[in-house]
Structures are given as C-alpha cells and as structure tokens.
Novice: 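Got a structure for you, questions after.
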Amino acid sequence: MNEGPLIVQSDKTLLLEADHLLADQCRHEIAPFAELERAPEHIHTYRLTPLGLWNARAAGHDAEGVIDVLLRYSRYPVPHALLIDVAETMDRYGRLQLRKHPAHGLVLHAFDTAVLEEVLRSKKVEPLVGARIDKDSVVVHPSERGHLKQVLLKLGWPADDVAGYVDGEAHPIALVEDGWAMRDYQRQAAQGFWDGGSGVVVLPCGAGKTIVGAAAMAIAQATTLILVTNTVAARQWRDELLRRTTLTEDEIGEYSGARKEIRPVTIATYQVMTTKRKGVYNHLELFDARDWGLIVYDEVHLLPAPIFRFTADIQARRRLGLTATLVREDGREGDVFSLIGPKRYDAPWKDIEHQGYIAPADCVEVRVTLDDRERLLYATAEPEDRYRLAASSDRKTRVVDALLRRHADEQVLVIGQYLDQLHELAEHLDAAVITGETTVKARQELFEQFRTGEVRVLVVSKVANFSVDLPEASVAIQVSGSFGSRQEEAQRLGRVLRPKADGRTARFYAVVARDTVDADFAAHRQRFLAEQGYAYRIVDADEILAGDTD
Amino acid sequence: MAGSTPLGRDSSSDGARKVRSLTEDLRQRDDIQLAALLRARTDLLHPVPAGFGALANRATTVRSLTEVLDGLDLWSLQVLQAYAALDGPAAPVELAARLPGVERGDLETAAALLHERALLWDGPQEYRVVNAVRQLLGGAAPVRGAAAEPLAHPQPHPPAVGAVASEPPARVARHAGGQAASFVRNATDLLTAWSSAPPRRLRAGGLGVRDLARTATALGQDQQVTALLVEVVNAAQLLGNEVGSAAAWCPTPRFDTWRTLPLAEQWAELARAWFEMAAVPALLGTEPRPNLLTWDVRRAGATDVRRAVLEALRRLPEGTAPDREQLAAHLAWHHPRRESALQRLLYDATLDEAELLGVTGLGALADTGRALLTTDPRQEAGADPVGAALVRAVEPLLPVPVDHVLLQADGTAVAPGPLVPDLAADLALLADVESTGGATVYRFTETSVRRALDAGWSAARVLAVLRERSRTPVPQPLEYLVTDLGNRHGRVRVGPAASYVRCDDPGTVASLLADRATRALGLVRIADTVLVSAAAPSLLMSTLREGGYLPAEESTDGVPVAQRPAAHRSPLRGVPGAAPAEPGPPAGEVVDAAVRALRAGDVTVGERITGGSGGSGRLPRSTSSETLAVLHDAVAAEQEVWIGYADRAGLTTERVVEPLRLEAGFLTAYDVRTAQVRTFTLARITAVLPITTR
C-alpha cells in the first residue's frame, strides 16, 4: 500500500503527517487549495472548503490538478464522492465573470447560460443587474459590483472579477532598504497580492505585515488609504512608512479622532470611520475624498460591518487585507472573500518561527485555585457575573507577583480585561497602567519608555491587543480576556513574538482560575494557538509560588 | 416435405425412426440431453412429469414458454423467429436467406440450443418450431419455404462493450478496497446513529423522506448513498423495527455481533446482502417517489440484473471500466425480452452501487466482485465456503488495521488507519470522534474522559493505555486533564437511601449499628453520626422503637415532625358522594360457595397438617404430566382440587377449584373462593393436589 503522508477524510479534512519524508513537498502542493485548520506537532489538519477551492481557482489551479495532488499523496484511497465534490465545486467558480464591456460598461458574463438563468431568477440578484444584453450577459450597475459578488457567492456561483481596477491618482513611493532587507515571504506576499488584483495576506503577528503593505504601495505607485484599528497603530504605521519608504511626513496624513488630515497616503482608524453623527457615517466619505489607487485594511478579521458595506461600493479600487488569522468570531469569512478578495498569501506561524523571523514562544497556563470565600461567591453568583468573578480572583495577584520575580530582568506586559482588576494590579505592582482612558500622548510616552527599558512592567487593557510594536517585550502575563476569543489570544501572543536581540524564547503566561468558566474560556482561546503548533503547558499556581520561595 | 433440401432428406432417411411430435422427440433424447433440458428449464421439474407426454405438455404451456423465452438472448430469438416464420422442417443453413450475412456455425449453434430447450423439435439436421411458440411470438402466418422477408439486423454476437478507461488491476483493487472500507464505516455510523435516535416507522411502513434527508446530512453523504446503506443493512438483517405504537427503525441484536467481526467479514455480509436483495434504492428518485424500506422499492428481477451486470463486467478484459451505453446494449442483447426503462435504471443503479460497495473499483470489476459472482443465491448465507471466499477476496484490499494512535497537544488523537478492535473500543470510551475516513481523529474532552472514569477506569489506567498505545509522548495538557479529573472524580459520592438516622453521639450510632434488632434494616454508616437505610422512615421508626430507642422523626429540612397518636384518616379521594345502596341479602349460590370455600380452606389446613410437607406450607411442585393426570381424574370424578397458580407477575397463589373442562392448554374450573367460573392457563399451574379427605 502506498505510504503517502496524507490521509483524506470523508468529512473533507486532510491529515498531513508532519514528520513524513514527503510532508514538506506535500504541504506546498496542498496549501493553494486547502486551508490549514490546525498544526499541532504530529498531524496537521487541512480542510477543503468551497472558499479554499475557489481561492485556488482564482489563483489558476484546476480541479484535475487538485485531484491529482490528493491521489498522489494520499495513503488510502480517496473517497470517490469527495473527488466528485471537489471537481463540481471548483467548476462553479468562473462560470460567471464580471468584466468590462466596450459599450455597456460593467457586465456579468456567463460561460454557461443555464447558470446565468439560475442566478437571474434569484430575487436577491434581480435589483443588482440591469438589462440583458444577449443570452450570456447582463448589465451590472457599477455601484453593485461588490453586492453582486456577495450574493453570487452565497448562491454558490462565485464570480471571477476581471473588470479591473482604476489606477487611482499616481504617487511615487519606493522602498528604502538601508540597514534592512525585505524578507522573501514578504516579497512573495506583496507580489502575490498584486498579481491577484485584490485579496488578503495572512501572516503571524510580528512577521512584518506593515512591510508587506509598504511593498504593495511601492508596486502600486499610487495614493493609498490605510485603515487600522486605533490611533496608536496609526502612528506606528506612519513611523514605519517613514523609516521604510521614500515617503516624507508631509505626504502621510492621519485621519483619526484627533486629526483629520487627507494626504496622498492617509491612515485612518476603524473607530473614526464608523463614528455616526445623527445616524450617518459621515466619515465614510473619506473613501471618495481622493482617487485612491490602493486601500489597505490592517487586521482585516476585525473589519467592522459599516466598512464592509462601504467596501462593497468601491470594488473598482485595489484592496489589500492584512491579518494574522482569517478566523472571525462573527463568521463573516465569506464577506472577506467576496469584498476584500481571496487569500493571496499564507504562511504557518511555525514556518516563520523556524526561519527566525519571529521569536519562539513558550506558552504556559497557570492554574490557580480559588480560596473558599471566592468559591462560595462564585457558586452563588449569577451566570453573567461568573466569568468576571473567576477572572479577577485575588489569587491571581500572588501568581503575577511570583512570575514577575521569576523574570526580574525582562520586559513584562500584564494584560487583562477588567479595569478594576488592572488598576488594583498596577497599584500592587507599582507599575504604570494603560487602558482606553489613557490619552494617546500618555500611551505613546509609556510605550516609548517601555521600549527603552525605563519602564519594565506595563499593565495594559485590550487597547494593546493590536498593532502595538513593543519589540523588547519578552514576557506576557494574561490575567483575563474577552471570554473565549481565539483571535485575541493570538494577538496577545503576537505582542511578545517580535524576534529578540539575543534570540531569547518569549514567554506567554495565562493565569486561569481552575474549575470555573475562566478555565473553559481559556481552553477555547488556546485552541487557535494549539492548532498553530503552540503547545500550552499547564502548571499549578503552587508550583510557581513554591519555585518562588527557593 | 415441403422446402426440404437434399440434406434434410438425407437426415430423415438416416434417422432410425420418424419423429412425429415433440413428445417423440423428447422420448428419443438420451439422458444427457434430457438433463440439459431440465437444467435449463427448471420449472419442468416441479413436479416431475409422469411421462414424456406430460413433459411435452408442460413444456408447451404459455407460462413455461414465457419463462424460457425471457431467458433467451437476441440471436436465439432471431433464429427462433425465423423458424416460426417457416411452415415446415428446415435445416439451419436454410435460414441464411432470412438472416443474411450470418455464418452457418452461428445458425447451427443457435438451432442446437433452441432444440435443447425444446423450442424446436425434430432434427438434428432439420428442425421444426413448437407450435405453441409460434403463437406466443405472435408472428404472421407461416410462410412456405425460405421466401420470407430477410431480417434487417441479425445479431449473432452481442455488441462489443468499449472501455471508457482501462485501469491497472492494482489501482482497481486499491480503489475497491477503499470503498469497501468506507462502506462498512458508513454502515456502522448509520446504525450507531439510529441506535441513539431511531427514526420513526411510517404508518404505511417504510422510512420517511425527511428522516432519510436528516440521516444523510448527519452522515455527510448524499441521499442516494444513504438510501443504499439503509437498504443494505436492512437486507443484512442488521436493521429492524420495533412493533407497537412507537414503531421505529433501529439496529437488531445482530448488529452487536456484526460490529465485532473483522472488517473483511463485516464487508462480506453487507456485500452478499446487497447482491441478493430485492430492494432497488435507486427507485427513490423516480415517480411516484416511493418510500425506502417498503415493497414499493423492491423489484423481483433486481438480483438477476445485478448478477447479469457483474457477469458482463467479468467478460471484459481485466481493469476495463465499460461505457455504460454500450454495456446496456450488451446486456439488452442477452435478455432482449426483459428490456424496459426499469431495466436500464437497474443497470445504472447496479454499476453505481457496485462502485460504492467496492465490488468494482474505478468502474472495473475487482476481485471482490469476482468472488461475489461465485456465490450461490440458493445457498444459505453464513456457514458457507463462498462467504469465506468473499472474505479472502476483500481482505488484501482493505487497509491494514493499526494498533497505535498519535497523541497531540491540542487534545486530539489521530489513528492513522482503521484501529484494531480492542483499541477502537477503548478510544470510543475515552474520546469523542471528530473526523472519520481513512484515519480517525479523536478528541479528548473533560466529558469524554469523565465517561471513562464513570465506566470504572482509573486515571492511572487511562494514562497507561494512552502511553502504551501512542507512538508519541502523552502531551502534558492531556496528562494534566486526566490526572486532574481522576483526582476530582468521585469526590462527591451519591448513593441510594430511603431514610437516615442521625445522632450527635457516635457511641449511640455505633450501638445502633451493632444492635441485633436493627439488623433487618440494613443500616450503613456514612459518617460518625449518620446512618442510612433502604427501609422506609416509618419502618425505621417502628423498628427502633421496638428496639427500645426513642427516635424522633424529622422532615426533609430537619424540623422535628410531631407524631400524632395513631388515629388514621382516609384521604378524601375515592369517597362516593351519595351513600351506597344497602346490599341485599346474599344470593343462595354465593352462600353455598362461601361454605364450600370455607370447607376447602379447612380441608387444606387439614392437608397441610396431615401432608407433613416439611412445615413450609407450600404446595409441592408437580410436573406437568402429573398436573394433567390429576386434573383429568378430577374432571372425571367431579372432584375438587387444590392448585398453586402463578399470576402474570410470577406470584403464586393457592386456590381450591372444581375442574369442569380441560382443553387446549386451559383448565376451566369453578373457583370456590371467588365463586366464579374462570379459565386457568395450564402452564401456570405450578402444583395440583386432589382433595380426597372430604
């Protein structure tokens, strides 16, 4: 029997034996069409999904190739039904095409009249299209290009968008590679995006997504709108662009709560874009303020709904999504596919770690036991209060103390969800605290002091989840989180993954109250990282405290 | 004879005797020829005809002829039709005019076969058609000589079957093996799912469309595949339905033994069931949309078609996946009279089903299919060498069972192939299945590990099994989970108790426990100051009082319950509104009966005393023949007897009865105590003793 590295399951998952001789070769061949679901140490799980198969079609792979790869690497016979399903699914992509017509403008063209008939019968498609030109094409209102793509995807006939993009207002941008060099995967990611037109690049936190953005801008040579999660991230983008490209301060504008600058390169926050005044999102006009040649969405998995809606209207502009994970807690992965674009580049975290671009990490879950008083409180608490009670147990403070002593000469972030808990901790540890209430200026000062080593310990709330560049943080202690959010856990680990000057291993501690919902949420949060190959060790708080005394 | 050729004339002059009828033809055949006829037309054997006349008669009935004609291939039919169009004996070569472009050999072979089947007679140089055949074929009036119009397309040979693909046998085998394994797995999944949530059986019988759709979704299969699974497990007697108001489809006890068999044997049972089942699940997609598991999806010819299709595949070069159109034409040539739309559906269904079962691989017949063709439909399934051949054929194609798993830090275990049965059973207990296919992915959760602990496993045993069976080290989080659950499991203990005794003084508790008077209460000490008992609180109270203790009763929340002196009150329920009518004077027979009952009681007491049956007071058990004999005598003598009678619950009561009638397993007797005539089931009469002392 063929001893291939791959086992194809009937539920459309692919199991790849990581230690197999052919594993790497196989991984490269299946990566274009299968989505990595989890990558623990021995067997990696990939999943065949319609989105994944369509991503592959969009990248020019055909069903025969996919089936050939499956048959070639599979250890056991591949279920017949699965092969048929792959062929049928892939065949659905590109039967419809959005293209430019010399006389009618944007049209939906079908290579299969029956498919066109089928989708035109849908009530959802009807308002989005205009007159029928001939039996195979129908006029599409240019403003409905995005909506139509969303609807067609839901109908299972994703359209191939070859209508092209507006070039936008030209603006010279070039990378300045002095003292640093673009990494291979960053170059591939930027090029992959550009060749695909629009789409999403998936890279772990700390792998230099900003540089991928800068590289894409350098290829586009056009005015760019960058959407980021918050003001601190906006400033970091600006600093990074100033450092890595020919752009000058005058060319980069910040569009946030504090400032409203519109420049050839404008960095705006999701927050300001989604601020409503009198029920109207009046800042969304920024999308039309200039003839943007490129729109970059940072942390695309957090993209708020109004931005999705507006993005549907600007399908003629090139869009680049950057993210560490396509996991959306709200399950809108399909909208990312149809509105931002297919996944254009993806690299597993561990691969990049092996290349030395992100620090290796040791994840530890520390379990504390509630004392009798807390246990009683917990047992009698209303269900909605239970997580808060368990998460902000006083017992955690002692553990944080001990951990801080253990890492006495390292830069430590203490991350939590509840402000009371954070303030108490900060007071107890005599450390500075950053929350949503802290002014941007104060935040930046504190971050700077932390970077230089003046401040050793920072207590931060979820404002620091994203896009805060703190290269020297090597230890993170998480005392509470947003319930079971998997992407938050990934982001928080990302805070300590920037490669360290001395190649040190980063430490990520999650302090969890045992036998409570806190532990359940922790287990859920950890799944993403466990699936990415980060194994958690579990230790009892007593061990940490005992280690402290000797 | 008209139209006879010199050759024909030669033959008749050479023949020992002139054959004048079919009967005579049959009489002249030798034993081998007769045996061939009876083998080809088995209906003639039942019953064995009395003589050649009877045989000829039977062979020319419409019913028998229809059957034999239906079994003929196109060429034989064409030759037969050509003969039917002639009015006299003719040599096969004479048909060449009517069947142009055909070789003489083909004509002779066909004529010989038709003669063997007693559709032609006379011969062997010249043949005549049996008259009844001519009528049955409904041909025009016979034409003299060879002047008949030539037939447009004589087809002495079946149309060739082209290949859409030719696969190397190794690939065919591999593919068939994969399908075979997944078919068994799907069948197991289906039956397991229906074990816990059996779908309802429709009032008209069968399985509802919605239940089928739901099951298909649950299995992740399409409906057609699911329908096949359902019918095959039903045919294999792994599925049945409970009768009664809540009739539902669920696995039979056979499923429990079947699932422990090796994979190859499991498959062999399913494959055989499929090959021999009358159900055609593909009919589900046709109007008028019948329900599964009903007679509406059964077709008498289904088995024959499956065999015919597989036979046709076997005739192709090895590894050939046939062109379906051509295969259908080929099969139609073999049985032209059976051809219909249904037939075509059956061909396609058989090819689809064969692929799903692993009887074919990539469209070409696999060794499994070849083995299936050696099965004899008339042979009882089970203890037969053919089943063994089937198992032997499928075994090398199936993936080799593995005896290990790979444990991973994300809480999963991957079995990289089908597991050996004992490990599969262990894992089914320890973890939940997350994904099936060539491999199985299990996930360990708190619930799944607790399930094992509940089943009596210790944490140490769980870890030992994991360590022994995992190729990879047990990940720390899993080890922690198991150890942690092991420590916590059973910390809170639950047990049954109907009452408790508590007392602040452990000394008193200890003495209570030791007291002989309380032994019957089954007191158990669960703490220094607490005892529990399975006895009701009232019994506990009274026993303790009798033992000289001074118990106080308390309610569930610990408040003492004041004991009222025993002044019982009836609950309101059941009290009639109006006063009941005065009972009249008792009827004479009631009184008589009462007297008799009293006497009988007296008699029994006397018996007990004088019988000296060990003082237990119970009637000695009688054997059934004794019982019968005594009752017979009692009926004859009109004598009362004393019987022990077990009720439905198995409780034995003793009665005195006057037997009246004894028949068909029942005793009709007058029951003296209840003063009624009633029927007793003989089987439940445990003992009988004549009352003789009166």
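Within every chain, numbering begins at 1; the chains are lettered A, B, ... in the order of the sequence lines, protein sequences first and strands thereafter.
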Novice: May I ask you to check whether over 12 heavy atoms, not counting those of A/Lys396, lie within 6.0 Å of atom NZ?
Specialist: yes
Novice: Answer yes or no: is there a donor N or O on one side and an acceptor on the other, between the side chain of B/Gln179 and the main chain of A/Pro79, under 3.5 Å?
Specialist: no
Novice: Got a second to check how far B/Gln408's CD is from A/His44's NE2, nearest 0.5 Å?
Specialist: 7.5 Å
Novice: Nearest 0.5 Å, please: how far is CD in B/Glu434 from CG in A/Asp11?
Specialist: 9.0 Å
Novice: Taking side chain as everything from C-beta outward and backbone as N, CA, C, O, which of these in A/Ile7 sits under 4.5 Å from a heavy atom of chain B? Side chain, backbone, both or neither.
Specialist: side chain
Novice: Please report the shortest heavy-atom distance between B/Arg174 and A/Pro77, naming the atom on each side.
Specialist: O-CG, 2.9 Å
Novice: For each of A/Glu365, A/His42, A/Arg367, tally heavy-atom pairs with chain B at distances under 4.5 Å, and name the one with the top tally.
Specialist: A/His42
Novice: Tell me, for B/Arg471 versus chain A, whether the close heavy atoms (under 4.5 Å) come from the side chain, the backbone, both or neither.
Specialist: neither
Novice: For the residue pair B/Gly417 and A/Tyr76, what are the closest heavy atoms and their distance?
Specialist: CA-OH, 3.1 Å
Novice: How about CZ on A/Arg375, more than 12 heavy atoms from neighbouring residues, nucleotides or ligands closer than 6.0 Å, or not?
Specialist: no
Novice: Heavy atoms only, distances under 4.5 angstrom: which of B/Gly178, B/Pro475, B/Ser435 has the most pairs with chain A? Name it, please.
Specialist: B/Ser435
Novice: For residues B/Val441 and A/Leu15, determine if any side-chain heavy atom of one lies less than 4.5 Å from a side-chain heavy atom of the other.
Specialist: yes
Novice: Pick one of side chain, backbone, both or neither for B/Leu407, based on which atoms fall under 4.5 Å of a heavy atom in chain A.
Specialist: backbone
Novice: Where on B/Thr440 is there a heavy atom nearer than 4.5 Å to chain A: the side chain, the backbone, both, or neither?
Specialist: backbone
Novice: Specify which of B/Thr472, B/Leu406, B/Leu481 makes the most heavy-atom pairs with chain A at under 4.5 Å.
Specialist: B/Thr472
Novice: Is it the backbone or the side chain of B/Gln476 that comes under 4.5 Å from a heavy atom of chain A, or both, or neither?
Specialist: side chain
Novice: With side-chain contact (heavy atoms from CB on, under 4.5 Å) as the test, would you mind laying out the steps for B/Tyr480 and A/Asp540 before giving the verdict?
Specialist: CA-CA 10 Å; B/Tyr480 187 97; A/Asp540 273 319; 2.8 Å; yes
Novice: Name the option with the most non-hydrogen atom pairs under 4.5 Å to chain A; the candidates are B/Val414, B/Val225, B/Asn186.
Specialist: B/Val414
Novice: Please identify each residue that fulfils salt bridge (Lys or Arg N to Asp or Glu O under 4.0 Å) with B/Arg259, with sequence neighbours left out.
Specialist: none
